[in-house]
Amino acid sequence: MADTELERFRAARVTAIYRLDLIAKGAQLTYEDGTPVDMASERARLEQVVADMDRRIARLELVTATPTGPLN
């Protein structure tokens, strides 16, 4: 299960980074009703998502890591 969760977090991170790249290139998003999205807020939100995913991925990698060393 941890491997599946790890892959899901990695995919979410990649998606957020892709969206950040689009914002950096000038993308303008709108809500379904046509209202423009505040891109500065969206950029900040996505940066937080990436940082959160980095922490979650690091934690899962530690949990799923195969122990190595002289005690194993």
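Keep in mind the model is a prediction, meaning the values are calculated, not measured.
- Taken to the nearest 0.5 Å, the CE atom of M53 stands 10.0 Å off from the CG atom of L60.
- Ion pairing between R10 and E61 holds under the 4.0 Å rule for side-chain N and carboxylate O.
- In the hydrophobic clustering of ILVMFWY residues, with side-chain heavy atoms under 4.5 Å counting as a link, V37 and L20 come out together.
- Here R45 contributes atom CZ and D38 contributes atom CG; the two are 12.0 Å apart, rounded to the nearest 0.5 Å.
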For this session: I would like to know whether T15 and R19 meet side chain to side chain contact (heavy atoms under 4.5 Å, CB included); could you show each step before the answer?
Result: CA-CA 6 Å; T15 300; R19 290 179 180 173; 3.8 Å; yes
For this session: I would like to know whether T30 and T35 meet side chain to side chain contact (heavy atoms under 4.5 Å, CB included); could you show each step before the answer?
Result: CA-CA 5 Å; T30 57; T35 305; over 6 Å; no
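- Atom CZ of R56 sits about 12.5 Å away from atom CG of L6, to the nearest 0.5 Å.
- Between the CZ atom in R59 and the CZ atom in F9 there is a gap of 8.5 Å [rounded to 0.5 Å].
- Atom CG of L22 and atom CE of M39 lie 8.5 Å apart (nearest 0.5 Å).
- Connection of V14 to I23 is not established within any shared hydrophobic cluster, with ILVMFWY side chains joined at heavy-atom distances below 4.5 Å, either directly or through further cluster members.
- Neither I57 nor Y18 shares a network with the other; the hydrophobic side chains, linked directly or stepwise wherever heavy atoms of I, L, V, M, F, W or Y lie under 4.5 Å apart, form separate groups for each.
- Note that CZ of R8 is 15.5 Å distant from CZ of R13, once rounded to the nearest 0.5 Å.
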